[in-house]
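Below is one structure, written out as structure tokens; the observations come after it.
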Amino acid sequence: MKILDHLEEWIMSLMLLAMTSLAFMQVVRRYIFNTGYSWNLELTTVCFAVMIFVGISYGVRVGSHIGVDALVRIMPPGMQRASGIVVVLLCLVYVGFVLVGATEYVSKMKDVGIEFDDMPIERWQVLIIMPIGYVMVAFRFLQILWNLVTGKATSLHLADEAADAMKLKSEEEAA
């Protein structure tokens with residue numbers, strides 16, 4: 001289970017490393033050797049797409065997606081937990097809709113069999129990251145739901161920007 005705790009960070013780090021390496025390699029080849037790879041931009045775009053869809057799951061795990069919780073924060077813990085459960089269930093419904101749509105899209109792309117312009121890879125083989133990414137998002141929401149239902153958490157794990165800003169300001173004044 002420990003590997004799942006940091007799975008998104010590893011994937012995003014590898015994609016960022018690949019994108020940086022590809023861009024560096026292309027710059028060197030273009031400006032020093034006056035040549036380049038035609039597939040470089042497409043592969044960089046693929047890495048970026050993977051990073052985006054895995055990043056959505058990461059954002060859910062660390063609670064960094066935008067949330068308006070001013071009303072929830074003034075509720076008693078029991079109501080916070082109940083509203084958190086409702087919100088997570090609604091998020092799972094949304095993820096389900098997107099997952100079904102993404103799966104149908106990838107399936108149709110597989111049937112059509114279109115390849116990338118500069119790489120001999122069929123598009124569906126890369127687009128499969130969409131449903132995979134949303135399965136990862138569903139898994140993270142199910143983890144949050146489990147914590148809410150079992151009482152391990154009283155509310156959604158959301159970042160508290162106001163508290164973070166106040167803490168930063170007090171640290172700056174102390175320095």
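Remember, predicted model here, so these are calculated numbers, not experimental data.
Looking at residues two or more places apart in sequence or on another chain, you find a side-chain contact (heavy atoms from CB on, under 4.5 Å) between Ser107 and Asp111. Residues passing the salt bridge (Lys or Arg N to Asp or Glu O under 4.0 Å) test with Glu104: none are found, sequence neighbours excluded. Residues passing the side-chain contact (heavy atoms from CB on, under 4.5 Å) test with Leu41 are Thr45, sequence neighbours excluded. Residues passing the ring pair (Phe, Tyr, Trp, His ring centres under 6.0 Å) test with Tyr37 are Trp39, sequence neighbours excluded. By the salt bridge (Lys or Arg N to Asp or Glu O under 4.0 Å) test, Glu42 pairs with no residue at all, sequence neighbours left out. Listed by chain and residue number, nothing satisfies the side-chain hydrogen bond (donor to acceptor under 3.5 Å, both in side chains) test with Gln125 (two or more places apart in sequence, or in another chain). For Thr44, the side-chain hydrogen bond (donor to acceptor under 3.5 Å, both in side chains) test picks out Asn40, with sequence neighbours left out.
Closest of all the heavy-atom pairs between Ser83 and Met75 is OG-SD, 4.1 Å. Across every non-hydrogen atom of Met19 and Cys47, the tightest pair is CG-CB, 3.4 Å. Here the closest non-hydrogen pair linking Ala153 and Arg81 is O-CD, 3.6 Å. Met12 approaches Gly55 most closely through the heavy-atom pair SD-CA, 3.4 Å.
Under a cut-off of 6.0 angstrom, the local environment of CE in Met79 is sparse, with at most 12 non-hydrogen atoms contributed by other residues, nucleotides or ligands.
Val46 is not connected to Met15 by any chain of hydrophobic side-chain contacts under 4.5 Å among Ile, Leu, Val, Met, Phe, Trp and Tyr, and they are in different clusters. Hydrophobic clustering, with ILVMFWY side chains joined whenever heavy atoms are under 4.5 angstrom apart, groups Val149 together with Phe139. Residues Leu148 and Leu89 fall within the same hydrophobic cluster, defined by Ile, Leu, Val, Met, Phe, Trp and Tyr side chains chained together at heavy-atom separations under 4.5 Å. Linking Ile, Leu, Val, Met, Phe, Trp and Tyr whenever their side-chain heavy atoms come within less than 4.5 Å puts Val135 and Tyr58 in one cluster. Put simply, Leu127 and Leu43 are part of two different groups of oily side chains (I, L, V, M, F, W, Y) that touch within less than 4.5 Å, one to the next.
Two residues are said to be in side-chain contact when any heavy atoms from C-beta on lie closer than 4.5 Å; Ile132 and Ile129 meet this criterion. Side-chain contact between Phe141 and Val60 is present, with at least one heavy-atom pair separated by less than 4.5 Å.
Shown are Leu99, Val54, Ile56; of these, the side chain to side chain contact (heavy atoms under 4.5 Å, CB included) with Val137 is made only by Ile56.
Among residue pairs with one or both ends in residues 125-146, those qualifying as salt bridge (charged side-chain N to carboxylate O under 4.0 Å, His left out) are Glu8-Arg140; sequence neighbours excluded. Identified under the salt bridge (charged side-chain N to carboxylate O under 4.0 Å, His left out) test for residues 46-55, with sequence neighbours left out: none. Pairs of residues two or more places apart, or lying in two chains, never qualify as ring-ring contact (aromatic ring centres under 6.0 Å, His included) while including a residue from residues 94-135.
Through side-chain heavy atoms spaced under 4.5 Å, either directly or across other Ile, Leu, Val, Met, Phe, Trp or Tyr residues, Leu90 is tied to Val86. Membership of the apolar cluster around Ile32 extends to Phe24, Val28, Phe33, as traced through chained side-chain contacts below 4.5 Å between ILVMFWY residues.
Interatomic distance, CD of Gln26 versus OG of Ser21, reported as 13.0 Å (0.5 Å rounding). Interatomic distance, CG of Leu17 versus CG of Leu22, reported as 9.0 Å (0.5 Å rounding).
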**OP:** Walk me through it: do Arg61 and Glu9 pass the test side-chain contact (heavy atoms from CB on, under 4.5 Å)?
**Re:** CA-CA 11 Å; Arg61 184 175 68 80; Glu9 286 113 331; 2.5 Å; yes
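Listed for the Arg29 side chain is no donor-acceptor partner under 3.5 Å among the backbone atoms of Thr35.
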